[in-house]
Amino acid sequence: MKRILQISCITTLLAASAFAVGQTTGYTGPSTKPAPAGYTGPSSVPLMKAKDLLDKGKDDQFARLQGKIVSHKGGEDYEFADASGKITVEIDAEHFPAGVTVDQNTVVELTGEFDKETFGESTFEVKAMKVVGK
């Protein structure tokens with residue numbers, strides 16, 4: 001009786017494994033359409049200049065910046081510049097738009113949270129990025 005129960009359990013596990021192997025966990029092939037970018041309408045988050053954010057911004061304040069990422073400082077840190085000046089922005093790789101090359105000539109709009117430091121460099125943590133123009 002024990003032997004029949006063991007064989008039955010093994011058969012069930014093998015059948016379940018074969019079924020699981022046959023299932024896919026998500027689409028991994030090429031696509032002819034871009035991935036959805038999310039909401040693209042108006043925002044109540046204020047559009048600010050880099051200098052104004054550095055001079056008048058509050059810690060943990062949400063803001064939008066429009067300008068260019070002019071250089072990579074290392075890791076997730078980049079130098080962002082607009083007509084008013086420069087600020088260090090922190091951008092996770094997942095926030096770069098899929099399928100779009102962003103270089104020092106690309107105009108982007110960054111939405112994120114300002115990290116005001118009393119001592120040291122204040123930075124802007126990017127939560128979303130969209131390309132505005134080249």
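If you read the sequence from its start, that first residue is 1, and numbering goes on from there.
Side-chain contact between F80 and V126 is absent, with no heavy-atom pair separated by less than 4.5 Å. Using a 4.5 Å heavy-atom threshold, the side chains of H95 and L110 count as separate. The shortest distance between side-chain heavy atoms of V131 and T106 falls below 4.5 Å. A heavy-atom distance below 4.5 Å is found between the side chains of M48 and Q61. At least one side-chain heavy atom of E90 sits less than 4.5 Å from a side-chain heavy atom of D77.
Here the closest non-hydrogen pair linking I87 and F114 is CD1-CE1, 4.0 Å. The heavy-atom pair separating Q104 from V70 by the smallest distance is CB-O, 4.0 Å. Residues A50 and G85 approach most closely at CB-O, 3.9 Å, considering heavy atoms.
Cluster annotation: L65 is connected to V102 through the hydrophobic network of ILVMFWY side chains, with a link wherever side-chain heavy atoms come within less than 4.5 Å. Following chains of ILVMFWY side-chain contacts shorter than 4.5 Å, one cannot reach V89 starting from V45, and the two form parts of different hydrophobic clusters.
Between the OG1 atom of T123 and the NZ atom of K73 there is a distance of 9.5 Å, given to the nearest 0.5 Å. With rounding to the nearest 0.5 Å, the separation of NZ in K49 from CG in D55 is 14.0 Å. Between D92 atom CG and M129 atom CE the span is 10.0 Å, to the nearest 0.5 Å. Interatomic distance, CG of D115 versus CD of E121, reported as 10.5 Å (0.5 Å rounding). Distance CD/E109 to NZ/K130: 4.5 Å, rounded to 0.5 Å. Atom CD of E79 and atom CD1 of I69 lie 11.0 Å apart (nearest 0.5 Å).
Classified by interplanar angle (parallel below 30°, tilted 30° to 60°, perpendicular above 60°), the ring pair Y78/H72 is tilted.
In this structure, S122 contributes its side chain and E117 its backbone to a donor-acceptor pair below 3.5 Å.
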